[in-house]
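What follows is a short report on a single structure.
All values reported here derive from a predicted model rather than from experimental measurement.
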Amino acid sequence: MTNHLTPKNATVTTATIEVQALRIGKKQVTQAVFRQLKEEALITDDGTLKGIPWGTVNYHPDKCSDAPEHLHVVWQNGDQLCRSTVQMPHAGYHSHPLAGLYVTARIVDGTIHPAGSDPEVPDTLRLGEKTAQGWSFYTAGQFLVGCMLYRGEISAGLREDWMRGRSVDAEYAETFRDALVHAGLMPQGASGEIAPHLLDLLLARRYEETVYELAELPQLFIAV
């Protein structure tokens with residue numbers, strides 16, 4: 001019978017050489033038991049923590065050792081122990097509910113360079129890249145906030161309009177702005193560009209700070 005790992009029966013013990021082991025009672029937790037922990041996001045969209053982090057485990061339960069650099073964090077969610085895969089800020093693409101809206105807003109605002117242009121000052125938002133064969137366009141926008149690279153999906157129609165250099169329909173732009181105001185993502189009566197309001201809500205710096213704090217947690221050793 002496999003032991004069930006919970007905050008009540010799990011402990012962290014420290015050996016004389018400062019090696020900390022994750023245990024159930026007197027038995028060290030195995031990889032098989034660790035894999036049974038529920039995988040659940042520890043960091044919220046606003047960069048704060050959902051629960052209490054215990055430490056990191058240098059084991060890739062989902063055969064993800066070749067994935068962009070990340071941490072596997074053991075954390076407590078109420079009376080349940082969970083594990084969370086936390087991507088390092090500089091590694092790979094990050095997702096966020098507002099990423100696609102930000103890319104859309106940049107197109108609506110008209111503040112993204114025209115398709116196929118090669119500006120002297122590179123934009124932090126890219127919808128394509130110049131290759132030896134010509135321009136290659138992405139299906140989603142990619143943009144940097146600090147050292148974090150986000151990827152945001154946009155509608156096929158909006159992408160097509162941008163690629164062909166067509167202006168965004170005024171009615172579409174007004175509907176988009178009204179929807180953001182209704183969702184509380186923009187203040188009522190706000191004028192000017194839309195995108196800066198959304199960029200402020202990504203809270204990328206808070207996410208970075210939280211991840212680097214998690215990286216400083218003790219490593220918890222488990223048995224094979």
When rounded to the nearest 0.5 Å, the distance separating CZ of R126 from OH of Y138 is 3.5 Å

Could you tell me which residues satisfy ring-ring contact (aromatic ring centres under 6.0 Å, His included) with H96, sequence neighbours excluded, listed by chain and number? none

Shortest non-hydrogen contact from G47 toward T210: O-OG1, 2.6 Å

Interatomic distance, NE2@H70 vs OG@S84, rounded to 0.5 Å, equals 10.5 Å

Ignoring hydrogens and angles, write down the donor-acceptor pairs under 3.5 Å from the side chains of residues 190-202, residues two or more places apart or on other chains.
none

For the atom pair CG (L81) and CD (E40), what is the distance rounded to the nearest 0.5 Å? 12.0 Å

R35 and R83 have their tightest heavy-atom pair at O-NH2, 3.1 Å

Got a second to check how far Q219's CD is from Q20's CD, nearest 0.5 Å? 10.0 Å

With a 4.0 Å cut-off, would you call R164 and E160 a salt bridge? yes

Verdict with reasoning, H90 to E69, per side chain to side chain donor-acceptor pair (under 3.5 Å): CA-CA 8 Å; H90 58 271; E69 186 180 356; 2.9 Å; yes

State whether D45 and R206 are salt-bridged, where the test is any N-O pair (Lys NZ or Arg NE/NH1/NH2 against Asp/Glu carboxylate O) under 4.0 Å. no

Can you tell me how far apart CD (Q188) and NE2 (H182) are? Round to the nearest 0.5 Å. 11.0 Å

Name the orientation class of the two ring planes belonging to Y172 and F176 (parallel below 30°, tilted from 30 to 60°, perpendicular beyond 60°). parallel

Taking the inter-plane angle between the rings of F143 and Y150 on a 0 to 90° scale, is it parallel (under 30°), tilted (30 to 60°) or perpendicular (over 60°)? parallel

Mind checking the CG-OH spacing from L71 to Y212? Nearest 0.5 Å is all I need. 10.0 Å

